[in-house]
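All residue numbers in this chain count up from 1 along the given sequence. All heavy atoms count here, side chains included; hydrogens, waters and symmetry mates do not.
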Amino acid sequence: MGPHPAVAAIRLAVRRALHEVLHDARPEVAPLVLAACSGGADSMALASALAFEAPRLGVRAGGITVDHGLQTGSGARAREVAERLTALGLDPVDTVAVDVGRDGGPEAAARTARYAALDAAAERYRAAAVLLGHTRDDQAETVLLGLARGSGTRSLSGMAAVSGGPSGPAGPPGPSACGDAAHHYRRPFLAVDRQTTRKACLVQSLPVWDDPHNADPSFTRSRVRHEALPVLEKALGRGVVEALARTAQLSRDDADALDAWALEAQRAATRPDGTLEIAALRPLPPAVRRRVLRRAAIAAGAPAGSLFARHIEETDRLITAWRGQRPLNLPGRVEARRQGGRLVLQQASQ
């Protein structure tokens with residue numbers, strides 16, 4: 001008799017991710033894969049599946065838990081999670097305490113601190129990959145948040161199955177710290193729903209901890225999870241989560257194609273002095289041209305997180321609606337101006 005269907009589902013998802021890690025790893029070295037675990041159902045299911053599958057594939061498996069220090073007793077709870085990971089057979093297991101700042105609000109600040117800790121742990125242990133327990137439900141929430149912000153295609157693409165850091169608007173990309181791996185974060189559960197991970201923990205008698213922040217209505221994602229999505233499912237019928245997750249994948253494919261097109265267009269439009277040829281930019285579709293402008297502005301020193309759609313739209317008008325406008329001041333003291341048949345983006349003079 002095989003494992004419970006929920007257990008089989010999480011193990012299959014992790015097995016596929018480990019096969020990908022093995023494909024990318026050096027064959028003479030048994031790669032180390034770390035499971036990032038908060039103690040919740042999603043990450044405990046992830047850790048249990050990793051502990052089961054890794055030895056069967058010749059992969060070393062470890063775990064890492066991050067103590068954000070935001071709740072009373074968080075240190076003791078992190079130690080309990082580490083003990084559970086060790087009991088599963090993971091080795092090494094590490095607990096990392098972080099200081100959460102305030103930039104971008106509490107959710108973003110916690111995320112930034114968490115990924116910095118995971119990056120550092122991956123580098124310290126020379127891990128080939130760090131597995132994250134984000135599920136299809138998390139993906140749907142991410143897409144809905146992107147829709148609410150009025151964001152573009154890249155934001156609607158949600159979280160990547162494989163990435164070098166936090167995906168999309170969720171946070172800044174982390175450095176590729178894990179050995180020789182260029183993309184060290186993997187999310188095996190993006191096609192697995194939250195109910196399956198919870199059921200897998202239940203049938204395996206794995207204790208889980210439900211973070212009260214996940215039910216706190218003061219957090220935006222919590223309101224999406226407990227208020228917005230249930231209302232949508234009631235109004236539109238079941239299947240909304242699956243549809244939003246599918247939207248993420250379709251949007252990611254489109255965004256990847258547009259980004260590749262924009263990269264080629266930027267190369268073709270860039271002059272030897274680094275300025276952009278107006279005549280090469282004007283015929284481009286707006287979605288491609290504005291990607292070129294965003295890339296150029298960031299290359300000139302504009303912080304990506306401070307560069308908003310309105311900045312790119314105004315810069316685009318220097319190409320498509322030229323009326324002798326004054327130079328634009330972009331974030332990071334970057335100046336955009338039209339000079340003859342060229343677009344110049346550079347640091348403003350003192």
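Rounding to the nearest 0.5 angstrom, the gap separating the CE atom in Met159 from the CD atom in Glu141 is 8.0 Å.
Using a 4.5 Å cut-off on side-chain heavy atoms (C-beta onward), Leu34 and Leu131 make no contact. Looking at heavy atoms from C-beta onward, Ser38 lies out of side-chain contact with Val81 at the 4.5 angstrom threshold. Contact of the Leu147 side chain with the Ser155 side chain is not registered, since no non-hydrogen atoms from C-beta on lie closer than 4.5 Å. Between Arg79 and Thr65, every side-chain heavy-atom pair lies at or beyond the 4.5 Å cut-off. Arg114 has its side chain out of reach of Val98: every pair of non-hydrogen atoms, C-beta onward, lies at least 4.5 Å apart. Between Leu118 and Tyr185 there is a side-chain heavy-atom pair separated by less than 4.5 Å. At a threshold of 4.5 Å between non-hydrogen side-chain atoms, the residues Lys199 and His4 count as touching. Under the 4.5 Å side-chain criterion, counting only non-hydrogen atoms from C-beta, Pro230 is not in contact with Lys234.
The nearest pair of heavy atoms linking Val96 to Ala117 is CG1-CB, 3.9 Å. When all heavy atoms of Gly58 and Ala30 are compared, the pair lying nearest together is O-CB, 3.8 Å. The nearest pair of heavy atoms linking Val59 to Val33 is CG1-CG2, 3.7 Å. The two atoms that bring Val100 and Ala113 nearest to each other are CG2-CB, 4.2 Å, heavy atoms only. Closest non-hydrogen pair, Gly39 versus Met44, comes out as O-CG, 3.5 Å.
Within the hydrophobic cluster formed by Ile, Leu, Val, Met, Phe, Trp and Tyr side chains joined at under 4.5 Å, directly or through other members, Trp209 stands alone, with no partner residue. Alongside Ile312, the hydrophobic cluster contains Leu258, Trp261, Leu276, Ile278, Leu281, Leu284, Val288, Val292, Leu293, Ile298, Leu307, Leu318, Ile319, Trp322, Leu328, Leu330, Val334, Leu343, Leu345 (criterion: ILVMFWY side chains under 4.5 Å). Summarising the hydrophobic clusters (Ile, Leu, Val, Met, Phe, Trp, Tyr; side-chain heavy atoms under 4.5 Å, direct or chained), the residues clustered with Leu202 are none. Hydrophobic side-chain contacts under 4.5 Å tie Val203 into a cluster, directly or through other members, with Val7.
With sequence neighbours excluded, the residues forming a side chain to side chain contact (heavy atoms under 4.5 Å, CB included) with Asp256 are Arg154, Arg252, listed by chain and number. With sequence neighbours excluded, the residues that form a side chain to side chain contact (heavy atoms under 4.5 Å, CB included) with Arg238 are Glu233. Pro5 is linked by a side chain to side chain contact (heavy atoms under 4.5 Å, CB included) to nothing, counting only residues two or more places apart in sequence or in another chain. Residues satisfying the side chain to side chain contact (heavy atoms under 4.5 Å, CB included) test with Asp99, not counting sequence neighbours, are none.
Using modelled atom types, no side-chain atom of Glu277 and backbone atom of Ala268 make a donor-acceptor pair closer than 3.5 Å. For the pair Arg136 (side chain) and Phe189 (backbone), a donor-acceptor distance under 3.5 Å is absent. Counting only distance, with no hydrogens or angles, the side chain of Thr275 and the backbone of Arg271 share no donor-acceptor pair below 3.5 Å. Proximity of a side-chain donor or acceptor of Arg342 to a complementary backbone N or O of Arg338 within less than 3.5 Å is not detected. Ser48 contributes a side-chain N or O that, together with a main-chain N or O of Ala45, makes up a donor-acceptor pair within less than 3.5 Å. At least one donor-acceptor pair closer than 3.5 Å links the side chain of Arg223 to the backbone N or O of Pro217.
Annotation: cation-pi pair Arg111/Tyr115 absent, no NZ/CZ under 6.0 Å from the ring centroid and within 45° of its normal.
Between the side chains of Ser163 and Arg187, at least one donor-acceptor pair of N or O atoms lies under 3.5 Å. With 3.5 Å as the limit, one finds no donor-acceptor pair spanning the side chains of Gln325 and Arg323. In summary, the side chains of Asp254 and Thr153 do not present any donor paired with an acceptor at a separation below 3.5 Å, with no hydrogens or angles considered.
Evaluation of the side chain to side chain donor-acceptor pair (under 3.5 Å) test over residues 286-310, restricted to residues two or more places apart or in two chains, returns Asp259-Arg291, Gln266-Arg295, Arg289-Asp316, Arg290-Asp316. Within the structure, the ring-ring contact (aromatic ring centres under 6.0 Å, His included) test picks out the following pairs touching residues 296-319 (sequence neighbours left out): Phe308-His311. For residues 70-100, no residue pair satisfies the ring-ring contact (aromatic ring centres under 6.0 Å, His included) rule, not counting sequence neighbours.
The only option from Leu229, Leu156, Val241 that meets the side chain to side chain contact (heavy atoms under 4.5 Å, CB included) definition with Leu144 turns out to be Leu229. Among Asp193, Asp42, Asp210, the single residue meeting the salt bridge (Lys or Arg N to Asp or Glu O under 4.0 Å) criterion with Arg198 is Asp210.
Contact check on Asp67 versus Arg77 returns no salt bridge, with no Lys/Arg side-chain nitrogen under 4.0 Å from an Asp/Glu carboxylate oxygen.
Atom CD of Gln195 has 12 or fewer heavy atoms from other residues, nucleotides or ligands within 6.0 Å.
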If you look only at distance, which donor and acceptor atoms sit under 3.5 Å apart when one is on a side chain in residues 12-21 and the other is two or more places apart or in another chain?
{"residue": "Arg15", "atom": "NE", "partner": "Glu53", "partner atom": "OE1", "Å": "3.1"}
{"residue": "Arg15", "atom": "NE", "partner": "Glu53", "partner atom": "OE2", "Å": "3.4"}
{"residue": "Arg15", "atom": "NH2", "partner": "Glu53", "partner atom": "OE2", "Å": "3.1"}
{"residue": "Glu20", "atom": "OE1", "partner": "Arg186", "partner atom": "NH1", "Å": "2.9"}

